[in-house]
*Asks:* 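What follows is a structure written as structure tokens; I'll ask about it next.
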Amino acid sequence: MYMMTAEQYEESLRRLNLVVYMFGKRIENVVDDPIIRPSMKAVAKTYELAHRPEHEDIMTATSHITGKKVNRFTHIHQSIEDLVKKSKMGRLLGRETGCCFQRCVGMDSLNALDMTTFDIDRKYGTEYHKRFVKYLAYVQDNDLTCCGAMTDTKGDRSLPPHKQADPDMFMHVVEEKQDGVIVRGAKAHQTGAVNSHEIIVMPTITLREPDKDYAISFALPSDTEGITYIIGRQSCDTRKLESGTMDRGNLFFGGHEALVIFDNVFVPWGRVFMFKEYDFSRQLVEQFAAYHRQSYACKVGVGDVLIGAAQTAAEYNGVEKASHIKDKVVEMNHLNETLYCGAIACASEGHKEPSGTYYVNTLLANVHKQNVTRFPYEMARLAQDIAGGLLATLPSEKDFKSDTVGKWMDKYYKGRADISTEYRMRILRLIENLTLGTAATNYLTESMHGAGSPQAQRIMISRRVNMQEKQRAAKRLCGIE
Ligand code: SF4
Ligand code: FE
């Protein structure tokens, strides 16, 4: 058994030589950068909790290839129970961190590739699955974090990859060599990219024959020569550079996304899991997407934090007994638990694929993610309603601690007499962080577009519902032959 501790994970990242840019400058020390570090700490939680006896059952699994205990984030689901535990793990970590903990994308890539490589080999007699399993053993044995890279930059959305004015709008092979391929392109919005040891690339859309050079899937160490990361901005990100911590809301954790550029990068054959099998691109995209839509159980955990914050803000204002406040908190809980139902249901209704991998019910996974594109927004609205306008007009920590005006803030921003003004400010900052600040990037916009924008789920819902069965039922009852 080898599972890294949080400290070992942090140290392992220090050994990477990533090319990372932010605010126009190369970041030499990524791990200690004040803007990036909270996101690393969030991933570190996935390591820390795996060592805690009370979370062992949820956070760890038994590898089907080595029989060893592994972190669940590197595991290939072997049962319905595994799928259900995956959903529970997402909620647990969302609640612990109050943000995106980033490691799910790699887990979902591994599971999708386990199925797709198996199916490609069955059709074409290739050896992708064997290669993949060897790679998986490496990931499990070293307890690695993988960045799952699917979303291409896509250029003109009306054109397929080969018709783009710039061929690099989708990741593609520019040269085939004896020992591997050279790839070029970029992957956008890559969650947790610079906190990852490995990057797993997959195509982003269904591809046809003229696009076969774009049908490429592979994995590389994250610090491979030719890969560059540009960190995305988040609302209120520079508050992390301020000397105090109160105005951050969440003192410990955050997420990050990056644009990842592959500028003529070499991939050895041993790490290529699909090449030119364009007829499997749709399967790989759909399988990854369905798993990742399940992974949005994470937002239920973040929702738990938001509900807790809203209730606390109400108590600090002395309004928690007002019937409309109680009703709003009930509404938030109803929405959040409805999300949880979807995350559990798509897992419970999963099934075994020919590769032996357990796969979620895709209809329910898509319904779940469609709910995630909506309910967090309503929950954020309710939390802001409960919190009151001070959420958006509160002066800074520096004013609160100022020798001259601090006393006025302390006096006039007091709510209930037995609660310190500072605590009232802290809970409001947390709600601000979740609904307007750095974490809103994850709780709201990522809920909208992560794992595919809402329309992508609606397409899958329309494909997966059994309409004939519904029509038969209706017609039978009213006497239509
Ligand atoms: Fe995981 Fe959720 Fe972050 Fe996606 S948004 S990587 S599912 S924590
Ligand atoms: Fe995501």
Side-chain angles (χ1 to χ4, degrees), residues 38-47 49 58-59 71-75 77 83 85-112 145-151 187-196 198-200 202 232 234 250 252-258 260 287-306 336 339-340 342-344 346-347 360 365-366 368-373 375-377 434 438-454 456-457:
S39 72
M40 185 279 290
K41 296 299 275 183
V43 182
K45 268 279 163 199
T46 71
Y47 289 91
L49 296 199
I58 296 285
M59 292 297 307
N71 190 300
R72 187 172 296 283
F73 281 98
T74 68
H75 183 53
H77 316 301
L83 288 172
K85 284 180 184 171
K86 179 199 158 188
S87 289
K88 292 185 175 179
M89 176 170 76
R91 183 174 193 170
L92 170 69
L93 280 156
R95 192 167 54 225
E96 284 279 326
T97 60
C99 71
C100 166
F101 43 87
Q102 310 144 58
R103 205 176 169 188
C104 337
V105 208
M107 164 177 59
D108 296 333
S109 310
L110 292 172
N111 276 273
T145 288
C146 302
C147 168
M150 178 164 276
T151 310
K187 294 288 184 181
H189 329 300
Q190 291 312 303
T191 299
V194 307
N195 295 327
S196 303
E198 290 278 322
I199 181 157
I200 302 174
M202 297 160 287
Q234 295 178 336
N250 185 333
F252 310 105
F253 306 110
H256 83 255
E257 282 79 28
V260 186
Q287 289 178 334
F288 168 77
Y291 276 132
H292 202 45
R293 287 166 194 172
Q294 174 203 11
S295 285
Y296 274 70
C298 66
K299 301 304 177 214
V300 183
V302 181
D304 288 331
V305 176
L306 185 62
N336 206 43
L339 291 182
Y340 189 53
I344 293 296
C346 69
V360 286
N366 278 279
H368 166 57
K369 175 66 211 326
Q370 181 78 186
N371 287 338
V372 172
T373 67
F375 296 178
Y377 285 85
L434 287 163
T438 52
T441 311
N442 303 137
Y443 187 59
L444 299 178
T445 318
E446 193 178 41
S447 289
M448 177 73 82
H449 293 293
S453 303
Q457 291 116 51

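Whatever order the structure lists ligands and atoms in, that order sets their numbers, starting from 1. The model shown is predicted, which means the values in this text are computed figures rather than measured ones.
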*Asks:* Near E446, which atoms of ligand 1 are under 4.0 Å from a heavy atom of that residue?
*Replies:* 5 (S)

*Asks:* What atoms of ligand 1 come within less than 4.0 Å of a heavy atom belonging to C100?
*Replies:* 3 (Fe), 5 (S), 6 (S), 8 (S)

*Asks:* Could I get the full list of side-chain contact (heavy atoms from CB on, under 4.5 Å) partners for K88, not counting sequence neighbours?
*Replies:* I58, V84, Y340, I344

*Asks:* Do any of the N, O or S atoms of C298 sit under 2.8 Å from atom 2 (Fe) of ligand 1?
*Replies:*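 Within the cut-off used here (under 2.8 Å), C298 does place an N, O or S atom near atom 2 (Fe) of ligand 1.
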
*Asks:* So if I count the atoms of ligand 1 from 1 in the order they appear, which ones are less than 4.0 Å from some heavy atom of S295?
*Replies:* 7 (S)

*Asks:* Backbone or side chain, does H292 get an N/O/S atom under 2.8 Å to atom 1 (Fe) of ligand 1?
*Replies:*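 Checking H292: none of its N, O or S atoms is under 2.8 Å.
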
*Asks:* So is K41 actually on top of F252's ring, under 6.0 Å and inside 45° of the axis?
*Replies:* no

*Asks:* Salt-bridged, K299 to D304, with N to O below 4.0 Å?
*Replies:* no

*Asks:* So, using ring-ring contact (aromatic ring centres under 6.0 Å, His included) as the criterion, who are the partners of Y291 when residues are at least two apart?
*Replies:* H77, Y359

*Asks:* Determine, for Y47 and R103, whether the Lys NZ or Arg CZ falls below 6.0 Å from the six-membered ring centre while staying within 45 degrees of the axis.
*Replies:* yes

*Asks:* Which ligand 1 atoms, with their elements, are less than 4.0 angstrom from a heavy-atom of V105?
*Replies:*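 Close to V105: 6 (S).
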
*Asks:* Decide whether the shortest distance between a heavy atom of T191 and an atom of ligand 1 is less than 4.0 Å.
*Replies:*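 So T191 counts as touching ligand 1.
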
*Asks:* Quick check on R103 - does any of its heavy atoms sit under 4.0 Å from an atom of ligand 1?
*Replies:* no

*Asks:* Is there a donor-acceptor contact under 3.5 Å linking the side chains of K369 and S447?
*Replies:*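 No, S447 and K369 have no side-chain donor paired with an acceptor closer than 3.5 Å.
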
